[in-house]
Amino acid sequence: MALDASKFQASETASDFAIFIGPQKSFTQTVLRILEDEIEGTLPLRHNSIGDFLNALGQMNMPVRVVVLDAGVCEAMPDEVRRLAAIDAAEFPGQQAPSLVIAYWSAAEAQAVAAQIKDVPEVQGFLPMNQSIDIWLAVLRLFLSGGTHYPRAVQATVVDTATDAAVEPTPVGEEDCKELLTSREIAVMHEVVNGLQNKQIAAKLKVSEHTVKLHIHHIITKLKVSNRTAAAMKFVETHPPGKA
């Protein structure tokens, strides 16, 4: 099934749309198909521009659960982002207004967009496109369920409009993270970020699955986050690939 909005055919199993707005190089067919395969009931569609999406909105026959905007589109047309955010929920068929999310590829890009649209409280978070597919999917699932996520790089900019759940109450700095985690915990987190499940991590590190679960529990507590995905995101910020 073609997933570009101009070519799509409705899926019999889908119940919601996930809209991606931006060029194909940002949201490739492969990325959209992974989402369709991994998140049951969600049909991803890509539009080139905000205008194209708004023109097609009246023809949509299923609820729009999330709208993901390419950061480049936001930088080039911040007023269009405001126009999209201002649309009344009644414009969306049979639902409340969808989550509005910014997709970014670097911390600098996220910061630039956050500064431009800091007066748009309807933005519910930032989606990292430069992480492993497991982390990307986990954050996207969070948005689809109505949650929020702000990377540390933009928290200072959005803190005035973000909900308490969107930002971590006591950020852990890079040096603190290094001191808090043991070498074994760091090894476990490297594999979590790489997308391995507990059983696979246990086999690779030659420990029991229970031990891996215990390490992850300790890591979540030490990093002052609420779940495995948030721990992985914070770990990536303080331990980029190739960094010991």
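Just the heavy atoms: all of them, side chains too, but no hydrogens, waters or symmetry mates, feed the values below.
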**Student:** Apply the test side chain to side chain contact (heavy atoms under 4.5 Å, CB included) to residues Ile87 and Leu54: give CA-CA distance (whole Å), side-chain angles for both, the deciding distance (0.1 Å), then the verdict.
**Tutor:** CA-CA 10 Å; Ile87 292 178; Leu54 294 180; 3.1 Å; yes
**Student:** Indicate the ring-plane relationship of Phe126 and Tyr150, choosing parallel, tilted or perpendicular according to the 30° and 60° boundaries.
**Tutor:** tilted
**Student:** Taking a hydrophobic cluster as the set of Ile, Leu, Val, Met, Phe, Trp and Tyr residues connected by side-chain heavy atoms closer than 4.5 Å, whether directly or through intermediates, do Leu32 and Leu127 fall within one such cluster?
**Tutor:**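 Both belong to a single hydrophobic cluster.
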**Student:** Answer whether the closest heavy-atom distance between the side chains of Ile102 and Ile117 falls below 4.5 Å.
**Tutor:**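 Yes; the side chains approach each other to less than 4.5 Å.
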**Student:** Hey, what do you get for NE2 (His217) to CD (Glu185), rounding to the nearest 0.5 Å?
**Tutor:** 11.0 Å
**Student:** Would a single hydrophobic cluster contain both Leu142 and Val123, if residues Ile, Leu, Val, Met, Phe, Trp and Tyr are joined by side-chain heavy-atom contacts under 4.5 Å?
**Tutor:**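 No, no single cluster joins them.
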**Student:** Run the ring pair (Phe, Tyr, Trp, His ring centres under 6.0 Å) test against Phe20 and tell me which residues pass, sequence neighbours left out.
**Tutor:** Phe27
**Student:** Compare all side-chain heavy atoms of Ser99 with those of Arg65 and state whether any distance is below 4.5 angstrom.
**Tutor:**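 Ser99 does not reach Arg65 side chain to side chain.
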**Student:** Please answer whether the main-chain N or O of Gly72 pairs with a side-chain N or O of Glu75 as donor and acceptor at a distance below 3.5 Å.
**Tutor:** no
**Student:** Name all pairs fulfilling the side chain to side chain donor-acceptor pair (under 3.5 Å) condition that reach into residues 200-209, sequence neighbours left out, sorted by first residue then second.
**Tutor:** Glu191-Lys204, Ser208-Thr211
**Student:** Between Asn130 (side chain) and Trp105 (backbone), is there a donor-acceptor pair under 3.5 Å?
**Tutor:**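 It does hold such a pair.
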**Student:** Test of understanding: clusters of I, L, V, M, F, W, Y form through side-chain heavy atoms closer than 4.5 Å, transitively. Do Leu196 and Val192 belong to the same one?
**Tutor:** yes
**Student:** With side chains defined as the heavy atoms from C-beta onward, is the minimum distance between Arg83 and Met77 less than 4.5 Å?
**Tutor:**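 No, every pair of side-chain atoms sits at 4.5 Å or beyond.
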**Student:** Checking Ser183 now: which residues fulfil side-chain contact (heavy atoms from CB on, under 4.5 Å) with it, not counting sequence neighbours?
**Tutor:**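 Partners of Ser183 under the side-chain contact (heavy atoms from CB on, under 4.5 Å) test: none.
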**Student:** Using every non-hydrogen atom in the two residues, find where Ile219 and Ala231 come nearest and quote the distance to one decimal.
**Tutor:**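 Reported closest heavy-atom pair: CG2-CB, 4.3 Å.
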**Student:** Under 4.5 Å between side-chain heavy atoms, counting indirect links through other Ile/Leu/Val/Met/Phe/Trp/Tyr residues: same cluster for Trp136 and Phe235 or not?
**Tutor:** yes
**Student:** Indicate yes or no for a side-chain donor-acceptor contact from Lys234 to the backbone of Val225 under 3.5 Å, with no hydrogens or angles considered.
**Tutor:** no
**Student:** Is a side-chain N or O of Arg82 found less than 3.5 angstrom from the main chain of Val120, in a donor-acceptor match?
**Tutor:** no
**Student:** What is the minimum heavy-atom distance between Ser226 and Ile220, and which atoms define it?
**Tutor:** C-CG2, 4.1 Å
**Student:** Could you go through Leu43 and Met62, starting from their C-alpha distance and side-chain angles, then the distance that decides it, and tell me whether this counts as side chain to side chain contact (heavy atoms under 4.5 Å, CB included)?
**Tutor:** CA-CA 10 Å; Leu43 178 65; Met62 297 187 301; 4.1 Å; yes
**Student:** Answer yes if the side chains of Asp16 and Thr42 hold a donor-acceptor pair under 3.5 Å, and no otherwise.
**Tutor:** no
**Student:** Is Leu214 reachable from Ile216 through a run of I, L, V, M, F, W or Y residues, each pair having side-chain heavy atoms under 4.5 Å apart?
**Tutor:** no
**Student:** Run the side chain to side chain contact (heavy atoms under 4.5 Å, CB included) check on Asp70 and Ile21 step by step: do they pass?
**Tutor:** CA-CA 6 Å; Asp70 173 66; Ile21 300 177; over 6 Å; no
**Student:** Heavy atoms, side chains only, cut-off 4.5 Å: are Tyr104 and Pro128 in contact?
**Tutor:**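 Yes, side chains in contact.
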**Student:** I would like to know whether Val66 and Ile19 meet side chain to side chain contact (heavy atoms under 4.5 Å, CB included); could you show each step before the answer?
**Tutor:** CA-CA 6 Å; Val66 64; Ile19 303 298; over 6 Å; no
**Student:** Once you round to the nearest 0.5 Å, how far does CG of Leu140 lie from OG1 of Thr229?
**Tutor:** 11.5 Å
